[in-house]
Amino acid sequence: MIRRSYEMSVASSVRLKDGHGEADIVNILEPEDMFGAGRLFCITKMKPGVSSGPHFHTGDFETYYILKGRALANDNGKLYELEPGDMLQCKDGDFHAIECIGEEELEYLAVIMYSR
């Protein structure tokens, strides 16, 4: 399968997980393309000050990989600054949140896989 960048669905999410502002989500794979192994494979784009609110994962786990910009990440109540090349994984039963900090737009790869 080949999917060109212009063929990927893009969704805007206002107050993602009760966060602030509006994030753009570029779906690299649609859920049906993941063959039951997961439910999300996307690039999320946030302007400075935009965030996702804290949320738990149950029955799945999520990995963020920072591509561009700087983030303030909440990993089970501990705060970390992340930059390009950094990764955050939220395991099944844990919670996390992320916010774009600094002057540049934040872009990160987000993957949600089901727990086994």
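Both backbone and side-chain heavy atoms feed into the values below; hydrogens, waters and symmetry mates do not.
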| For Leu82, which fellow cluster members are found when Ile, Leu, Val, Met, Phe, Trp and Tyr are connected by side-chain heavy-atom distances below 4.5 angstrom, either directly or through intermediates? | Leu16, Ile25, Met46, Val50, Tyr64, Ile66, Tyr80, Leu88, Ile98, Leu106, Tyr108
| query | Does the pair Glu105/Lys47 count as a salt bridge with the N-to-O cut at 4.0 Å? | reply | yes
| query | For the side chain of Asn74 and the backbone of Leu79, is there at least one donor-acceptor N/O pair under 3.5 Å apart? | reply | no
| said: On a heavy-atom basis, which atom in Leu40 and which in Met34 lie closest, and how many Å separate them? | reply: N-SD, 3.4 Å
| query | Would you call Val10 and Asn27 a side-chain contact if the rule is heavy atoms closer than 4.5 Å? | reply | no
| note | Heavy-atom closest pair (Phe61 atom, Ser115 atom, distance to 0.1 Å) is CD2-OG, 4.1 Å
| field | Exercise: identify the closest heavy-atom pair between Phe95 and Gly77 | value | CZ-N, 3.3 Å
| query | How long is the gap from CZ on Arg3 to OG on Ser9, to the nearest 0.5 Å? | reply | 7.5 Å
| field | N/O donor-acceptor pair under 3.5 Å between Ser13 side chain and Ala23 backbone | value | no
| request: Grab the two heavy atoms, one from His55 and one from Ser52, that are nearest each other, plus how far apart they are. | output: CE1-OG, 4.1 Å
| remark: Heavy-atom closest pair (Gly69 atom, Pro84 atom, distance to 0.1 Å) is O-CD, 3.2 Å
| query | With the threshold set at 4.0 Å, does a side-chain nitrogen-carboxylate oxygen contact exist between Glu81 and Arg70? | reply | yes
| task | List the atom of Pro48, the atom of Gly102, and the distance in Å for their closest heavy-atom pair. | result | CB-O, 3.3 Å
